[in-house]
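The structure under discussion appears below in the form of structure tokens.
The sequence lines fix the lettering, A, B, ..., with proteins before strands; numbering per chain opens at 1.
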Amino acid sequence: MSKTLKAGAAALALGLATLTGAGVSFPALAQAPAAASAAVKIDNFVFGPQALTVTVGTTVTWINQDDIPHTVVADDRHTFKSRVLDTDERFSFTFTKPGEYGYFCSLHPHMTGKVIVKAG
Amino acid sequence: MTHDDTPGDRRGFLKCMAWAGTGALFTVSGGLASSIGLDQAVAAPAKAQGFTFLQISDSHVGFNKPANPDAKATYQEAVSKILSLPQKPDFILHTGDITQLSKDQEFDDADQIIKQVGLPVFHVPGEHDMLDEGAGKAYLDRFGKETKGAGWYSFDHKGVHFVALINVVNLKAGGMGSLGADQLEWLEKDLSGRPSSQPIVVFAHIPLWTVYADWGWGTDDAAQALSYLKRFGSVTVLNGHIHQITQKVEGNIAFHTARSTAFPQPVGGQGPSPGPLKVPTEQLRSMLGITTATFVRGREPIALVDQTLAT
């Protein structure tokens, strides 16, 4: 649960609106958000949240907050693959199909994460 | 071309690799490797036999973050240390992470610095040297001539067999360093037929034994490589990557990791991450530079002396 909160805070801090779940209080936004987004922070060699759940169509942005470069590479090495991200650099990918997408840092492969994409 | 390059070819290759830094000074005498710090080397009389070589590592040219705002400058300091040695080593091994981001400018800057040493330099890449669009093409274009696969090679020098292994490519999710089946097969062939009495020095970027698995400080298929090395009477494994000295002796195999010339990293598990360790500026140089190694002479470890950029 704290991971979810942390992810939300990260998204807000970056000015990225996490629209899922916001529909109840903001009916106008509840209608098929076309540009849903979410963020994953790379901090201290950890993807946070390590498991992120989004709906189809969500654009996930990874931000490297370490002093060391990292990459974001899908386990299958081709669904998505960032170039090297230096400090504060970002990589975004829009998930258009439901499923579970494991990924890792190809430089530090002990760093792993997962995006769970659910049908809208 | 086979791995048994002619000495002439290999020498040419050496000259192509204009590279160095600062690190441990190794003495090979009577077929057994030993090491002394550079301080000792300065005081030691020249050996009547044998030869010396240096290991430098993790220069990270281009790094400019708080842990060391100018990794180029500390690399230059390391080179100045080498130049002050009264006894010139025969050559230098650089165990990877030459650059921070594999940029041409970083490779060029590093080259300008190491050229001053005027010694042959042997390389293996670190993961930081594989970050160009071509995923290592920039490194291989510069240093990969006459190497095999992702850049591995071997050579003989005054009776000692040196093997350069690459364990920073094709890494698998959740894993550590990796040598891969092709390289292992090559290694087995490279070592076969060699007398067990021949001293072997293996160098690679990521440690070939597991220093700290949670931070990926090890090589998944190292055991296979080490199994080919077990029969040799004197094996020395030199690595970098973790920016600190660690040592281990297992049978006839002595493992050693070198300090960085750029920034220190925490001891495995003693910190939030393996990222750069920020220390007070006045302390930085005491954690960079020259490393010493434990080697096996018969069955007894040899005393070690450290040399840092602060001394």
Side-chain angles (χ1 to χ4, degrees), chain A residues 2-3 6 9-10 40-52 60 62-91 93 95 99-117, chain B residues 58 60 62-69 71 97 99-103 106 125-136 138 167-178 205-206 210 212-220 241 243 262-263 265-266 268 271-278:
Chain A
S2 64
K3 279 183 178 176
K6 201 174 166 188
V40 175
K41 274 200 312 182
I42 304 173
D43 195 13
N44 275 322
F45 289 62
V46 171
F47 293 109
Q50 199 164 34
L52 173 72
V60 176
W62 285 262
I63 306 102
N64 180 16
Q65 301 188 339
D66 273 344
D67 280 353
I68 287 292
H70 295 294
T71 64
V72 177
V73 179
D75 285 352
D76 66 9
R77 289 182 181 267
H78 68 82
T79 301
F80 52 91
K81 187 176 180 178
S82 77
R83 61 179 180 77
V84 62
L85 306 176
D86 199 5
T87 307
D88 294 331
E89 289 186 335
R90 301 168 180 219
F91 167 71
F93 181 77
F95 290 87
E100 246 186 60
Y101 299 84
Y103 65 88
F104 68 114
C105 168
S106 61
L107 305 181
H108 313 101
H110 67 284
M111 295 170 57
T112 59
K114 185 162 68 171
V115 178
I116 300 146
V117 182
Chain B
D58 296 87
H60 287 263
F63 185 87
N64 58 4
K65 302 298 190 316
N68 179 355
D97 283 356
T99 69
Q100 175 68 2
L101 292 169
S102 308
K103 293 177 178 170
E106 295 174 345
E127 73 280 3
H128 284 256
D129 303 317
M130 306 304 249
L131 302 177
D132 58 309
E133 290 294 321
N167 57 1
V168 296
V169 298
N170 294 324
L171 305 185
K172 292 164 193 69
M176 304 191 288
S178 174
H205 180 63
I206 298 175
T210 303
Y212 191 67
D214 287 356
W215 287 357
W217 287 358
T219 301
D220 285 328
H241 187 58
H243 297 212
F263 56 85
Q265 282 177 245
S273 80
L277 183 65
K278 294 180 190 73

(message) I need the residue from D75(A), T71(A), D67(A) with the largest number of non-hydrogen atom pairs under 4.5 Å to chain B.
(response) D67(A)
(message) For D132(B), which atoms come within 4.5 Å of any heavy atom of chain A: side chain, backbone, both, or neither?
(response) neither
(request) Let me know if E133(B) has heavy atoms under 4.5 Å from chain A in its side chain, its backbone, both or neither. (result) side chain
(request) Counting only heavy atoms closer than 4.5 Å, note whether L101(B) contacts chain A via side chain, backbone, both or neither. (result) side chain
(message) Heavy-atom pairs under 4.5 Å with chain A - which of P276(B), G275(B), G174(B), P274(B) has more of them than the others?
(response) P274(B)
(message) Over 60° means perpendicular and under 30° means parallel, so tell me whether H110(A) and F45(A) are parallel, tilted or perpendicular.
(response) parallel
(request) Identify which part of D66(A) has an atom lying under 4.5 Å from any heavy atom of chain B, answering side chain, backbone, both or neither. (result) neither
(message) Measuring centre to centre across the rings, with the benzene-like ring taken for any Trp, is Y101(A) within less than 6.0 Å of F93(A)?
(response) no
(message) Within the structure provided, determine whether L85(A) and R90(A) are in side-chain contact (heavy-atom separation under 4.5 Å).
(response) no
(message) Contact between I206(B) and H241(B) at the side-chain level, heavy atoms closer than 4.5 Å - yes or no?
(response) yes
(request) Determine, for D86(A) against K65(B), whether the closest basic-nitrogen to carboxylate-oxygen distance falls under 4.0 angstrom. (result) yes
(message) When you compare the side chain of P266(B) with that of W215(B), does any pair of heavy atoms fall below 4.5 Å?
(response) yes
(request) Below 4.5 Å from any heavy atom of chain B, which atoms of T112(A) appear? Answer side chain, backbone, both or neither. (result) side chain
